[in-house]
2 protein chains.
Amino acid sequence: MKLTEAKQQFISSWGAFGTQWGINRTMAQIHALLLVSPHPLTQDDMMEQLSISRGNVNMNIRDLVSWNLVERVIVSGERKEYFTAEKDIWKVATQIIRERKKRELDPMLKLLSQLEQVDGDKKDKETKQFVDMIGDLKKLGNQADKLLDMLVKAEQNWFTGSLLKIFK
Amino acid sequence: MKLTEAKQQFISSWGAFGTQWGINRTMAQIHALLLVSPHPLTQDDMMEQLSISRGNVNMNIRDLVSWNLVERVIVSGERKEYFTAEKDIWKVATQIIRERKKRELDPMLKLLSQLEQVDGDKKDKETKQFVDMIGDLKKLGNQADKLLDMLVKAEQNWFTGSLLKIFK
DNA sequence: CTGAATTTTCAATATTTTATGAAAATAAAT
DNA sequence: ATTTATTTTCATAAAATATTGAAAATTCAG
């Protein structure tokens with residue numbers, strides 16, 4: 001496979017994987033494009049390379065910036081804005097974890113805490129079953145929260161070295 | 001909050017969280033409904049409680065069964081089929097991990113291995129950058145794979161006890 | 001077998017999500 | 001200040017996804 005073809009393939013597949021995870025296809029593709037681009041790109045570059053509209057690029061690039069996966073870079077002497085993606089994959093992963101934790105896990109734990117406050121006799125079988133279920137979910141959510149925090153704080157290497165040895 | 005209201009809330013929010021993760025809202029809601037139902041339910045029960053059509057219930061329940069999160073149960077003396085959800089939340093979580101690994105992570109690793117085979121001189125800077133990136137992604141994917149395997153094999157308790165202590 | 005109950009399928013429809021493109025806003029150059 | 005380049009917004013259009021409901025298929029009881 002030629003390099004250009006491989007990049008194309010990567011971009012397109014990355015988009016497809018993204019949708020499985022509730023991520024807009026174009027957003028994932030733009031991210032992939034920036035990952036495989038040696039130099040920062042302008043919005044026009046992205047429009048052209050992905051055959052998408054200006055508005056589409058603009059909205060999705062803003063989203064990526066808000067996720068801290070992409071940043072604007074200023075190229076001296078150029079009027080247009082350029083964009084570049086963090087290339088360190090471990091950093092990318094931990095940043096995604098950070099954001100999803102904040103946007104999804106935290107709200108879910110908050111909801112579960114509220115639901116635990118259901119009134120009614122905890123001796124009542126049905127109430128108890130419900131409260132227990134919510135409690136178990138919360139416990140799981142908190143464990144996930146801690147595990148993810150550890151990952152985010154760890155070095156990628158440490159992960160490979162220590163973590164994987166301990167278990168197994 | 002009353003129990004019925006809390007269950008309602010749980011079902012509806014579970015559906016909303018599901019969509020963020022690329023899971024059909026109704027599928028998530030059916031799962032939630034079964035999680036909070038003390039007894040197995042028929043398709044008619046679900047139609048009524050969620051106000052959705054027969055076809056919708058049927059397709060989504062089949063999906064849930066294929067994910068091994070829900071199973072058909074036979075109630076003696078009854079002609080209709082009943083469905084029940086695994087209530088052990090840790091089992092639910094590991095089963096979801098198992099399935100997503102199989103359906104998403106495995107194919108992604110396969111793709112990355114293919115892309116690594118891009119032809120062209122590895123001394124060429126652009127080729128090298130691309131191959132390195134793919135390699136890094138693959139490494140990350142493999143680490144995730146191993147970590148998830150460990151989780152799936154572990155006892156929930158072991159997780160809380162050992163894992164979280166080791167890190168800190 | 002026959003017929004009633006139940007489940008499954010799937011074309012048509014509705015809903016939700018995403019993308020477009022032109023107009024408005026902003027920023028820079030002259 | 002005016003013109004030109006660039007970015008942003010957002011109403012509308014298009015595409016993707018989910019839902020309905022009725023017909024077909026299946027299952028089971030008698």
Side-chain angles (χ1 to χ4, degrees), chain A residues 11-34 39-67 70-84 103-104, chain B residues 11-34 39-67 70-84 103-104:
Chain A
I11 291 168
S12 137
S13 305
W14 208 243
F17 282 119
T19 55
Q20 290 191 295
W21 281 88
I23 288 156
N24 176 293
R25 186 197 305 304
T26 303
M27 179 167 153
Q29 288 187 345
I30 291 177
H31 188 219
L33 172 61
L34 289 173
H39 308 294
L41 301 181
T42 65
Q43 296 193 179
D44 287 271
D45 294 334
M46 303 178 215
M47 285 170 66
E48 189 188 326
Q49 296 203 42
L50 301 176
S51 311
I52 56 179
S53 71
R54 182 175 304 287
N56 199 4
V57 168
N58 189 268
M59 287 170 85
N60 285 110
I61 203 83
R62 286 161 69 72
D63 247 337
L64 283 165
V65 169
S66 87
W67 277 73
V70 165
E71 66 175 1
R72 287 166 208 271
V73 288
I74 289 158
V75 174
S76 61
E78 290 278 1
R79 179 140 167 206
K80 284 187 179 173
E81 290 180 311
Y82 283 75
F83 296 89
T84 190
R103 297 174 189 219
E104 293 154 25
Chain B
I11 291 167
S12 137
S13 304
W14 209 243
F17 282 118
T19 55
Q20 291 191 295
W21 282 88
I23 288 155
N24 177 295
R25 188 197 302 309
T26 302
M27 179 167 154
Q29 288 188 345
I30 291 177
H31 188 219
L33 172 60
L34 289 172
H39 307 295
L41 301 182
T42 64
Q43 296 193 179
D44 287 272
D45 294 334
M46 303 178 214
M47 285 170 65
E48 189 188 326
Q49 296 204 43
L50 301 176
S51 311
I52 57 179
S53 72
R54 182 174 304 287
N56 199 3
V57 168
N58 190 268
M59 288 172 91
N60 284 109
I61 203 84
R62 286 162 68 73
D63 247 338
L64 284 165
V65 169
S66 87
W67 276 73
V70 165
E71 66 174 2
R72 288 166 207 270
V73 289
I74 289 159
V75 174
S76 61
E78 290 277 1
R79 175 134 173 213
K80 283 188 179 172
E81 289 181 311
Y82 283 75
F83 296 88
T84 190
R103 296 174 189 218
E104 294 154 25

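All figures in this text were calculated on a predicted structure; none of them were measured in a lab. Order of the sequence lines sets the chain letters (A, B, ...), proteins ahead of strands, with each chain counted from 1.
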Please work out if B:Thr42 contacts a base, only the sugar-phosphate, or nothing of the nucleic acid, heavy-atom cut-off 4.0 Å. nothing

May I have the distance from B:Asn56 (atom CG) to C:dT7 (atom P), rounded to whole angstrom? 16 Å

Any A:Ile30 side-chain heavy atom under 4.5 Å of A:Leu50 side chain: yes

Between A:Ile52 and A:Met46, is there a side-chain heavy-atom distance shorter than 4.5 Å? no

Measuring only between side-chain heavy atoms, which start at C-beta, is B:Glu71 closer than 4.5 Å to B:Val65? no

If you assign each of A:Asn58 and B:Asn24 to its closest nucleotide in DNA chain D, which residue comes earlier from the 5' end? A:Asn58

Between P on C:dT18 and CD1 on A:Ile30, what's the gap in Å once rounded to a whole number? 13 Å

Using the closest heavy atom to pick a nucleotide of DNA chain D for each, name whichever of B:Ser53 or A:Gln43 lands nearer the 5' end. A:Gln43

Under 4.0 Å from a heavy atom of chain A: give me the 5'-most and 3'-most nucleotides of DNA chain D that qualify. D:dT4 to D:dC10

Flag the pair A:Trp67 / A:Arg103 as yes when at least one side-chain heavy-atom distance between them is below 4.5 Å, and no otherwise. yes

Assign each of B:Met59 and B:Asp44 to its nearest nucleotide of DNA chain C by heavy atoms, then name whichever residue's nucleotide is nearer the 5' end. B:Asp44

Both A:Gly55 and A:Arg79 contact DNA chain C. Which one's nearest nucleotide lies toward the 5' end? A:Gly55

Nucleotide C:dT6, atom C1' - distance to CZ of B:Arg62 in whole Å: 14 Å

Scan B:Arg54 against the nucleic acid and name what it touches under 4.0 Å (heavy atoms): base, sugar-phosphate only, or nothing. base

What is the separation between atom CG on A:Leu50 and atom C1' on C:dT20, rounded to the nearest whole Å? 15 Å

Can you find a heavy atom in the side chain of B:Trp14 that is under 4.5 Å from one in the side chain of B:His31? yes

Tell me which donor-acceptor pairs under 3.5 Å the side chains of residues 74-81 of chain A have, and how far apart each pair is, sequence neighbours excluded?
residue: A:Lys80; atom: NZ; partner: A:Asp44; partner atom: OD2; Å: 3.2
residue: A:Glu81; atom: OE1; partner: A:Arg72; partner atom: NH1; Å: 3.0
residue: A:Glu81; atom: OE2; partner: A:Arg72; partner atom: NH1; Å: 2.9

